[in-house]
Amino acid sequence: MDHSQTHKHHYTSHLTAVLLVASLFLGALLLAPMDALGQLLASITILIFISLCSKEARHSQKYQNLFRVLALVLAIALSVRYLLWRGIYTLTYSDVLSMIAVWLLFGAEIYAGITSVLGAIVNAFPLSRPLLTLEGVDKSTLPSVDVMIPSYNEDEEILEVTIRAAQMLDYPKDKLYIHLLDDGGTDQKINADNPVSAASAKQRRQDLQALCSRLGVTYHTREKNEFAKAGNVNSAIQNTTGDLIVILDADHVPTSDFLDRTVPWMLRNEKVFLVQTPHFMANPDPVERNYFSAFTRMPSENDMFYGTIQKGLDYWGSSFFCGSAALMRRKHLDLVGGISGDSITEDAETALDLHKMGYESVYVDRPMVSGLAPETFDAFIQQRMRWAQGMTQILLLKKPFKAEGLKWYQRVGYMSSIMFWLFPFARIIFLLMPLAYLVFGLQVYHASLLEIFAFTIPHVIATYMISTMLFGRTRWPLVSELYEILQCAFTLNALVKVFLKPRAPSFVVTPKGESLEKTFVSPLSTVFYWLILVITFALGSGVYKFITEPITRELTVVVMLWNVFNLILLLSVLSVLLERKQVRSQARLPATNSVVIKSENGQGWVGDLVDMSLGGARLRLKGEGAYVPEGAILTSWSHALSRNVHIPINVLHYDSKSKMLRVRFMPQTEEQENEVVAYSLCDSLRWMSFQRRRTRAISYWFGAKHVLKVGLKPVLLHLLVLIGKFAMKLGLLVKLPKEKQ
Amino acid sequence: MIKKYLLFIVCLCMPFTLAAQTDTYRLTDFFGGESTVRLLGKSASIDISIPLSSVTDVDSALLTLEVVSSQALIKKRSKLYVRFNNATIGQIAFDPDRPSLVSEIAIPTSLWRAGFNSLTLAVSQHYAEQCVDGSAPELWSEINAYNSTLKIATSVNEKRFTLDELSGFFNPGIGGQRNVQLYTAREADEQIKYQTLPIVAQALSLRNQYQPLIIEHDSFDDGYVLPQLEDTENSFWNDQNVARYERAAWYLKAKQKQPVHILVGTVDALSPVLSDEVINDIDGAFLKAQRTPAFVKDSKVIVPASYRLIVSGTTQDEVLEAAKALAVMDDAINPISQVTVLSQSQMQAETLQRHRILNPDNHYTFQDFGVATTQFRDEGNFTKRVSFRLPADFYVPENASVSLLLDFGYGAGFGPGSVMNVSVNDELVHGLSLNNINGQSYRDYQLRIPARFFKGGTNNLDFAVTMRAPLAGVPCDDIPGSHLVFQLDDSSAIKLPDAGNVAVQPSLVLLSETAYPFVRFKSAPTSTIAIPSDDYLDTALTLSAKLAQVAQVPLLNVKIATGNDITTEGSVFVLGTPESLTNIEQAEFSTAIEATKRWSYRLQNNLYNRVRNLTDDQSFKEMRVDGHTVQESDLGEQAVLTAQVNPVSSQTDTLFIIAAQTPELLQARVEDLVSLSMWGQMAGDFFAWKDGLSPSLIMQVSDKYEVGEADDSWLHLRLWLSNNPWYWLIGFVFVVFVVSLLIYLLLKRRNKQVQDSW
């Protein structure tokens, strides 16, 4: 350590010491007792400060980060004061039942407080890395790369697209090896007792082997399906030799610049074991599709994680492996015996193991892999249950909060990510606790109306303000609540199982690429109907309580408002459970490329793309009176291939009024197949501009209004379906013959 | 010799003649509530308790009732029954032709008993011979309790005078004393006058319970001067007559009307008026009840017979100790005439004050504070009021609650409409339908009531029970409700939360209900009634006696001070005239009473100076009184009582000022103020009145502030921060800024480190 480093270290130590002393002062101030009226005045002033600071923090200016930290500290302090007040003054109870209810609620609040503090630390200073490239690097010195595409039961078509895209990665071909890791055609599967599944597995192996042979990539399979995805990858690692390993899920299509943007980070720092990139979803998840129908206009669910949280984790050296769309160093993976397999979220677990050894991770915030989100609510829940169980397994088995080798901030990072997944406990308590008071008369919240105004409401407002400041661009208001409510009933059950038997859960592959041919109500809806029924009953009880118990009217009103909020969220959730028909098998995403369409007879039309998918595109033609024959060739510049592509198309429809032309891609040759993939899916610039478009800043009230507005519409539809079901049960409605079929 | 005996008999008779008197009371004097009592239904009744002093004999009593009855009532079956101590003394028939009547009923003297006598006015009302609907609106009668009177002739029955009879003489009932004279030697020491006399005054007023006691102070000379008697032979003043004259209370002033007077002073100071035997008995803190004979010459009373209480000792401290003993004494266990107090413990002011209240963070059964098991029987509406006192400065966090653990039950056969409602300080907090046909019994039936429903001072829990018999289901066939029974057990309990000792000041309401801030419960700082001169001593003593009555304990911490300076310690009551008040610095007061007056007229202050309950104020408007008029004027007949923060106190304390134009007017107005009708009307912090009926003006003119006990530093901090949230806020924002800046610097450094590693 040279002199300047020693000096810096001392300076940091001094600052830390002063910070600790100042924090002690702050703690004393937060403990200071005050009447509700005084606190109300103070809280209102603090909220104004938070509002001003967070406003400044959202503008690009010199002290943006200072204002951001100021707003965070103010809000955390207000929340801590609230929790202290709750703990010191309000936890009174008269019987065992009340005691349980009071502590459950307080426990849930403490959980929410801890997660928001951890979240604030993690996201205090998101790291923005520069965009690196391999340009200028001697190609001969580049490390060899194995691209691994693990598969279990995905369709051949999905795999073909991914393989084709991988083949087009902008990297020296002699250093790029692509492997399809088939776990659906293992010896175990082929020799299964069930002859039907054995035959199906055998067929799958043959088909995929043929595909690999056709595309010129290596087919891997293994004897037994041990340790799920982790076992599959580890098996392949043993049979490959590349310096770096790219792991892509079967449906994860890389853009051509994926290695160009990620490998430089490996070259710069030998200690880097992982370069993770965002998972860009090319189709809406069930919430986005069913609820908002605004996939292209509002941020996707994972935008918050990849757009904000991973950057924050990256700052603290704890961004972690997300299972796919990542580049890893074989040397480091070998140190931990490959991908870890203790939990069913092998990705985060592997990162944790390597972070513990002092190796570093990098997060490159550029969408370079497009994947498929689960289409149905069922599949979505299955995926989330796996994540929740896996993260809880890491908590229980690996105990990151006391893991040796991790720095304190890395522990905070991991705990923040893991703690989030315990939300079902808190969410269920927040949903059902009003019942304890309104229906069972348990005094769960011992506070006067004035105190609620002075302590509780400012705490809630501050939490929302900070959430908007941190995630305003990537998560609209109330969306988190909706996602949590949707998942809580199911994941709670899954979490309890993990707590009882931490090693029990097994990896379940998330079904993707399912088609939705008609609109239907999700089979998982029943639990929500019950919840709505119970909460509506609580509302009725609240009205009765309000009339008959004048002494507690203040509290009754507050709890009823809380209950109504829950009810609105639950009613909004109904719209997600209405699985809407999906018209296209691939979602069309916006595009802006200029195109030229030429007919066989040499006629040409010029236009601009409006949107595009792997199957086709929609474009607006320039000029009047266009007539395009049914068959034509679309020519356009492909950023991915850095050349023009010529794709045969079929015209589906032309609207002369808007001059919109809908076309289907009709590739005839292998080359054209590749061009279509490269043109439609391998351009990271297109994904970036699309992502920027939907992560715009909106006001809190606009977002909340929109979310509630679209959420409450389909309630009627649900009612009709329910009434129909009842009527059928009662025999009032005869099933139509068509339905019987 | 015969003459001597005759003289002696005459002397013995004198007390009776002295105390015999006739008074007329309105019935409204004996109960609080509407002056017109309306009795509804087939049968209804009202009980009126009439207290009678134990030393009083009733010679005659005549009850005059003014009644109006419904013309729908039939004569034969509709009657008003008058019962006295459960004996029917009159039956008045309701005559539809004479709906309004005045009836006189003599109450037999034999029915009277000491203590509370129950006068029951019960009606039986019918509009038909059969099938009378009990809830029919025409079944009513009214008694005008204001115009109905009780004329009663009484006389004192005590032939001997012992200490246990003190509670008979000083008694809230009929025959009790309403004023008393305290005698000291003319040159009495300051401690006697300003410290001991207030305690004696309080001791006596406490025996009067709620009835005001006017205190007058007088003095006697070192020696007597034999009166000049007309037509007296020179030989009349022989040794025997002089000795007789010495034994009489020769120092009594002519205006003496009440039987008992008090002598207060050291044995030396009292020696001119005491006999040698008594003087010889005084060898410590001394109390003696003594009857003095009349001095009569030729059937003419020269000096009347009297009862006197001697409060004495060999030193001033012993006199003070004797006064304190008198203040705490349970008279009933002292059927003797004299007591020498050897020692006393637990006589600190705050200890005594705490003993009269329910202390926070404690659990009390109803039995603990003297509420017995209550049983209601028969059909009807019943109310049980449970009163208890909380510290005046009862201060709890917003969310604290009081638990009521009720033990009660009701018998079988309750009909529809049977309910129990529970109210706290007239606020309905709980209702329960008594609808189990088999009856039900509850143990620890818990009601959690927000503590803010309770206030410092007297709190009332009302249990209103309506008991209805089941419906017969057959027309004109009622099931009698004699089987109905409801019981509220004395094992019911109240559980109080922990509380601080803080009160919002200035508040005349709090003063009138609890005597706060002169009575405190955590500590009892010395408080003062400041008077310009001894001319105001009577007024000060009367006021101190009233404060003790309100607090229900002697205020050992209250003393009287003369002079112009206000003490810097504790709360102060300043009595004076505009001239004497000129010495007080009133420049900062919203209202000032000096030679020139500064009044905050209401129109100048836009509603702010209307009276409002500061603690319940939900508007949170900061109160500022800016407008005022300075004028040169007299106070006229009226007196003004103001309260504001004590400008010279070392801690936050309250300064009360009572001013009238002259000392005499001040005394008269204070006597009005302590009356039952006026004292309860005190409110706001500006109170003006000129008679004993109603105030001329009540206003709130000062900023509020909180006064608390400083020994609890946590509470002190809470108070201070609650009064000054901006200080906390500034400190908070500053520390948050420092913390944020440090975090920002550290984050920036780390960011640079990360970037350097690229």
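Quick note on labels: first sequence line is chain A, next is B, and so on, each numbered from 1.
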TODO: Please say whether the positively charged group of A:R68, taken as NZ for Lys or CZ for Arg, lies over the ring of B:Y744, i.e. under 6.0 angstrom from the six-membered ring centre and within 45 degrees of the axis.
DONE: no
Open item on the list: Do A:Y11 and B:R749 make a side-chain contact, defined as non-hydrogen atoms from C-beta onward lying under 4.5 Å apart?
Closed with: yes
Open item on the list: Checking side-chain polar atoms at under 3.5 Å, does B:R452 have a donor or acceptor matched by the opposite partner on A:S448?
Closed with: no
Task: Most contacts with chain B, counted as non-hydrogen pairs under 4.5 angstrom, among A:V18, A:L132, A:D35, A:N65 - done: A:D35
- [ ] Taking the side chain as every heavy atom from C-beta outward, state whether B:F366 and B:L461 have any atom pair closer than 4.5 Å.
- [x] yes
Task: Engaged part of A:S128 at the chain B interface, taking heavy atoms whose separation is under 4.5 Å - done: backbone
TODO: Could you tell me which of A:G317, A:A454, A:P130, A:A71 has the largest number of non-hydrogen atom pairs under 4.5 Å with chain B?
DONE: A:P130
Task: For A:F455, the option from A:W85, A:Y82, A:Y445 that meets ring pair (Phe, Tyr, Trp, His ring centres under 6.0 Å) - done: A:W85
Open item on the list: Please rank B:V429, B:N751, B:L741 by heavy-atom pairs under 4.5 Å with chain A and give me the top one.
Closed with: B:N751
Task: B:V754 portion near chain A, given a 4.5 angstrom heavy-atom threshold - done: side chain
Task: chain A contact via B:V733 - side chain, backbone, both or neither, heavy atoms under 4.5 Å - done: side chain
Open item on the list: Heavy-atom cut-off 4.5 Å, strictly under: side chain, backbone, both or neither for A:R129 against chain B?
Closed with: both
TODO: Would you mind telling me which of A:T12, A:L30, A:I76, A:V21 has the largest number of heavy-atom pairs within less than 4.5 Å of chain B?
DONE: A:T12
Open item on the list: Using heavy-atom distances under 4.5 Å, tell me whether B:V739 contacts chain A through its side chain, its backbone, both, or neither.
Closed with: both
- [ ] Could you look at A:W265 and say if it's the side chain, the backbone, both or neither that has a heavy atom under 4.5 Å from chain B?
- [x] side chain
Open item on the list: Is A:Y89 in contact with chain B via its backbone, its side chain, both, or neither, using a 4.5 Å heavy-atom distance?
Closed with: both
- [ ] Output, in order, the C-alpha distance, side-chain angles, deciding distance and verdict of side-chain contact (heavy atoms from CB on, under 4.5 Å) for A:L267 and A:V137.
- [x] CA-CA 10 Å; A:L267 300 180; A:V137 178; 4.2 Å; yes
- [ ] Name the option with the most non-hydrogen atom pairs under 4.5 Å to chain A; the candidates are B:I743, B:L428, B:V738.
- [x] B:I743
- [ ] Consider only side-chain N and O atoms of B:S387 and B:N460, and report whether a donor and an acceptor are under 3.5 Å apart.
- [x] yes
TODO: Indicate yes or no: at least one non-hydrogen side-chain atom of A:L470 is less than 4.5 angstrom from one of A:L72.
DONE: yes
Open item on the list: Under a 4.5 Å cutoff for heavy-atom pairs, which residue among B:R750, B:K748, B:H430 has the most contacts with chain A?
Closed with: B:R750
Open item on the list: Can you confirm whether A:M99 sits close enough to A:V102 that some side-chain heavy atom of one is under 4.5 Å from a side-chain heavy atom of the other?
Closed with: no
Task: Heavy-atom proximity to chain A below 4.5 Å, by part of B:F734 - done: neither
Task: Engaged part of A:L19 at the chain B interface, taking heavy atoms whose separation is under 4.5 Å - done: both
Open item on the list: Which atoms of A:R81 are under 4.5 Å from chain B, going by heavy atoms: the side chain, the backbone, both sets, or neither?
Closed with: side chain
Open item on the list: Under 3.5 Å, is there a donor on one side chain and an acceptor on the other for A:S318 and A:H355?
Closed with: no
Task: 4.5 Å side-chain heavy-atom contact, B:L432 and B:Y445 - done: yes
Open item on the list: Within the structure provided, determine whether B:F414 and B:N436 are in side-chain contact (heavy-atom separation under 4.5 Å).
Closed with: no
Task: Toward chain B, the part of A:Y315 with a non-hydrogen atom under 4.5 Å - done: both
Task: Portion of B:S401 that has a non-hydrogen atom of chain A nearer than 4.5 angstrom - done: both
Open item on the list: Which atoms of B:L721 are under 4.5 Å from chain A, going by heavy atoms: the side chain, the backbone, both sets, or neither?
Closed with: both
- [ ] With a 4.5 Å cut-off on heavy-atom pairs, point out which of B:W728, B:F737, B:F732 contacts chain A the most.
- [x] B:W728
